[in-house]
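A, B, ... follow the sequence lines: proteins, then strands. Residue 1 opens every chain.
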Number of protein chains: 2
Amino acid sequence: MRTATTAGPVNGGVAGANLGALRSHNTALVLGLLRDAGAEGISRLELAERTGLTPQAVSKITARLRAQGLAAEAGRRASTGGKPRTVLRLVPEAGHAVGVHLDRDELRVVLVDLDGAVVGERRGELDLGAGAEAVLGAVCGAVRGVVGELGADADAGVGTGTGAGAGAGAGIGTGGTGAGGGLAAVGSLLGVGVALPGPLDHVRGVLHRVTGFPEWDGFPLRDALAERLGVPVVVDKDTNAAALGLAVGGEEGAAGRSFAYLHLGTGLGAGLVIDGSVHRGARTGAGEFGHQVIQLDGPVCECGNRGCVEVLCLAAVARGEVAEAARVLGVAAGNLVGLLDIDVVLLGGRTVAGAPQTYVSGVGEVLGVRARREGTGGDAVPVRVAPRGERIVAEGAAQLLLAPLFGRGED
Amino acid sequence: MRTATTAGPVNGGVAGANLGALRSHNTALVLGLLRDAGAEGISRLELAERTGLTPQAVSKITARLRAQGLAAEAGRRASTGGKPRTVLRLVPEAGHAVGVHLDRDELRVVLVDLDGAVVGERRGELDLGAGAEAVLGAVCGAVRGVVGELGADADAGVGTGTGAGAGAGAGIGTGGTGAGGGLAAVGSLLGVGVALPGPLDHVRGVLHRVTGFPEWDGFPLRDALAERLGVPVVVDKDTNAAALGLAVGGEEGAAGRSFAYLHLGTGLGAGLVIDGSVHRGARTGAGEFGHQVIQLDGPVCECGNRGCVEVLCLAAVARGEVAEAARVLGVAAGNLVGLLDIDVVLLGGRTVAGAPQTYVSGVGEVLGVRARREGTGGDAVPVRVAPRGERIVAEGAAQLLLAPLFGRGED
DNA sequence: CCACTTTGGCAACAGTGTTGCGGAAGTGCA
DNA sequence: TGCACTTCCGCAACACTGTTGCCAAAGTGG
């Protein structure tokens, strides 16, 4: 929960909650349920049941949301013997966010609405080693491109007031440098989320290292982009962004409150969602799954250790032994499942995409053996291929801006 | 955050917050800071700074706490040029909880006050295989023993009102069975926490298995004890209880918001504290650290897998190779640290107690190598011996009842 | 057409944290 | 000794939350 009007606590302790925080919390909760309901919509009374709030409180909150243009009435349900329930739904066009997936050799930029639906996209090749100026230029260009598609149509965005407690910081650096000026003029644009590989500081938005590209060490990516674009920017690891995207858009939704997203591509990493929130750790270092040691004194990994999953798994892939790669991945996934008692394992990445069924059944087999030995009550943890394929990272990056509005995915 | 007056949400979703929940939250927060301040105390203004609440709000909250007998004024600070700050402190005698550590061959029962200080203790040998009746009888006898020491002195306990929102459920089954009747008459007794090894359901208080004692499968321990004793009972795994106890009483305190407690005794398990709360997972299965596989196709473990840390580590101990055991433990700890990005690793258990320095340096060495390869900003995760030795599990069990009052350690 | 059920808004209410202000209790200086 | 100043902290009025009691609206079913 966030304090709205008052400054937060000094010492990183748990924050006290005032009335502003209370409203923010409940508003975000309702907004989240509206989003989860999708086009089908949800009635006020159902919102009351789900939140535990009284129907009257929900009425007040939704009235505020309708006045702000974030929600609208959308038909009514069948009657059950009395006045039929009025269905409410989110107004997707009331807000937008940009998601940027910055990969080693590729750039993908998506524009999503409040619903999380992709309404614009740009793709292109990119050389992360071409220098900061070139990369930033390419990113800014692509972002301006997708946002431009919104056009004057977007000015019907979020109405008066300060949105739903997310802090109205859209005016940052309107007089920024670079060609094209700020994007703050587009009222419904909440900001830009950037996802990229390698360790970084999510809170400060500073890169630590990008494996293979030492020139990025310590680069303050968030501030650099925020200044050029004139809108808020959030930076995160690609696996965390993907996990966030899956946590939000999940058909798993209510079922899988805790899951791990395992990404097997040129490397092996994980994004963890625990109790509905992305777990990053104090230094944004969580999810280092690939360098988990599962073979003492095994083959040397580039990280310096021996017997990391990544080196074992990728070596098996290189030898063409996909089933063995899946088994190795399954053992590491089993360790993770046992440690955290998560609900679902989702697999993604280019390598998995090459033989999805093999990986799903291979990992599932290992987890199944694990569950059987636990005995009563221990159904096997399900393994699935992560939906929405390659675009999930960019979509999740956009959710870095949207999630705070809906009260999930972030603390 | 808990809803106080209203019933919670239906579908296990995130709860909406009403004014009662707001008060509960802030009261618990203040109470927690009072406890952390200990005998030294803390002033109202400092409470305001730490919580982010206004001084006036803190005044109101502390006035309520003083009226309830939970807090009291305790001298004043040195002046800094004006009226000196009045120091407040917790009144430890206002509440008590019992912690029970039920081990395979031993029983330990402690009585602690609100401060967490042990004010009474019973120890004795116990055979977990002697049957439910005998074990429950021994536990109830020991609990009545330590609580009896409180005597009539305890009736000065929590004043009027319903405490701090923890739900006044102390009246359960006052007309219970068994000799001695209920303990509900002792006003300041919040309940009994029980910690024991083996998988169990923390929410329902039902045991799954206790390795080596199949007769306990599916036993509803919480309800059985609650009926006999007439006070609320909470059940948890021993490692989780220990972790909770360390999270609460920690000199680490503010520093270590996330840590792992690794327990090496007759088995190997872990308790995880993430962002200040014990992580149990949906099925109370989290922390299965011992059966993490770190050697593919290694020696067979009793769990059915091959190459579990537990079997490797304990085999090394049996061979007398303590340094090797520590290295193996360190590798597994490194996997954990990398996955969760935790702040501290604490070691405990009888085996560790036999050669603490060897384990601390052995595990620390592995983690140090890990940190060095991460490069900039990556100080090694510190490794320490868990303080308070063998009694930490029983103390932590008592904290299962106290923690909800203070707004930490539980969700 | 009427009785009944169900929804959902209006008004009054209880209780939160917040703001404005003033008394209390010290220090520091003339 | 007296006075100005600083700081702490509580009282009273306030703004805002969610809650309760009540009633109009909008359906169904006889």
Side-chain angles (χ1 to χ4, degrees), chain A residues 1-9 15-30 41-49 51-67 71 73 75-88 161-162 164-165, chain B residues 1 3-7 9 15-30 41-49 51-67 71 73 75-88 161-162 164-165:
Chain A
M1 185 174 281
R2 229 169 307 267
T3 46
T5 55
T6 314
N18 53 22
L19 287 174
L22 187 73
R23 181 180 53 187
S24 268
H25 177 82
N26 287 341
T27 304
L29 215 59
V30 168
I42 185 170
S43 73
R44 289 177 181 79
L45 279 172
E46 209 172 339
L47 287 170
E49 284 175 24
T51 57
L53 297 172
T54 59
Q56 191 56 240
V58 171
S59 271
K60 281 189 180 180
I61 292 170
T62 55
R64 214 163 46 215
L65 290 176
R66 284 190 298 154
E73 297 194 343
R76 34 189 58 180
R77 289 269 165 76
S79 168
T80 62
K83 177 176 177 177
R85 300 184 173 185
T86 311
V87 171
L88 300 174
T162 61
Chain B
M1 187 173 279
T3 46
T5 55
T6 314
N18 54 20
L19 287 174
L22 188 72
R23 181 180 54 186
S24 268
H25 178 82
N26 287 341
T27 303
L29 214 60
V30 168
I42 186 171
S43 73
R44 290 176 180 80
L45 280 171
E46 209 172 340
L47 286 171
E49 284 175 25
T51 57
L53 297 172
T54 59
Q56 192 55 239
V58 172
S59 271
K60 282 190 181 179
I61 293 169
T62 54
R64 215 163 45 215
L65 290 176
R66 283 191 298 155
E73 296 194 343
R76 31 189 61 179
R77 288 268 165 75
S79 167
T80 61
K83 178 176 177 179
R85 301 185 172 183
T86 311
V87 171
L88 300 174
T162 61

Reading nucleotides 20-30 of chain D from 5' to 3' and marking B where a protein heavy atom lies under 4.0 Å of the base, S where only the sugar-phosphate is that close, and - otherwise, the string is BB---BBBS--
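- Atom CZ in Arg77(B) sits roughly 16 Å away from atom P in dT27(C) (whole-Å rounding).
- Considering all non-hydrogen atoms of both residues, Val87(B) and Ile42(B) come closest at CG1-N, 3.6 Å.
- Not a single salt bridge (Lys or Arg N to Asp or Glu O under 4.0 Å) links Arg76(A) to another residue, sequence neighbours left out.
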Below 3.5 Å is the cut-off: list the nitrogen or oxygen pairs between protein and nucleotides 15-17 of chain D, distance only.
| residue | atom | partner | partner atom | Å |
| --- | --- | --- | --- | --- |
| dT17(D) | OP1 | Arg23(A) | NH1 | 2.9 |

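- Shown here are the salt bridge (Lys or Arg N to Asp or Glu O under 4.0 Å) partners of Arg66(B), two or more places apart in sequence or in another chain: Glu73(B).
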*Stepwise side chain to side chain contact (heavy atoms under 4.5 Å, CB included) test for Leu19(A) and Leu22(B)*: CA-CA 8 Å; Leu19(A) 287 174; Leu22(B) 188 72; 4.0 Å; yes
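- The shortest non-hydrogen separation linking His25(B) to Ala17(A) is CD2-CB, 3.8 Å.
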Evaluate side chain to side chain contact (heavy atoms under 4.5 Å, CB included) for Leu29(B) paired with Leu47(B), printing each intermediate quantity in order. CA-CA 9 Å; Leu29(B) 214 60; Leu47(B) 286 171; over 6 Å; no
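- Separation of atoms CD1 (Ile61(A)) and CD (Gln56(A)) is listed at 10.5 Å; rounding is to 0.5 Å.
- Between Arg44(B) and the phosphate of dG10(D), there is a side-chain N or O to OP1/OP2 separation shorter than 4.0 Å.
- When the side-chain nitrogen and oxygen atoms of Asn18(A) are compared with OP1 and OP2 of dT16(C), none of them lie within a distance under 4.0 Å.
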So Val30(B) and Thr62(B), side chain to side chain contact (heavy atoms under 4.5 Å, CB included) or not? Walk me through it. CA-CA 8 Å; Val30(B) 168; Thr62(B) 54; 4.2 Å; yes
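- Atoms CZ (Arg85(A)) and P (dG9(C)) sit 14 Å apart, rounded to a whole Å.
- When the P atom of dT7(C) is taken as reference, atom CG of Leu45(A) falls 5 Å away, rounded to whole Å.
- Distance CG (Leu53(B)) to P (dC9(D)): 15 Å, rounded to an integer number of Å.
- Considering only residues two or more places apart in sequence or on other chains, Arg64(B) meets the salt bridge (Lys or Arg N to Asp or Glu O under 4.0 Å) condition with none of them.
- Using a 4.0 Å heavy-atom criterion, one finds that Ser43(B) contacts no nucleic acid atom at all.
- Between the NE2 atom of His25(B) and the C1' atom of dG18(D) there is a distance of 17 Å, given to the nearest Å.
- One can place CD of Glu46(B) at 16 Å from C1' of dC9(D), the figure rounded to the nearest angstrom.
- A straight line from CD1 of Ile42(A) to C1' of dG8(C) spans 16 Å, rounded to a whole angstrom.
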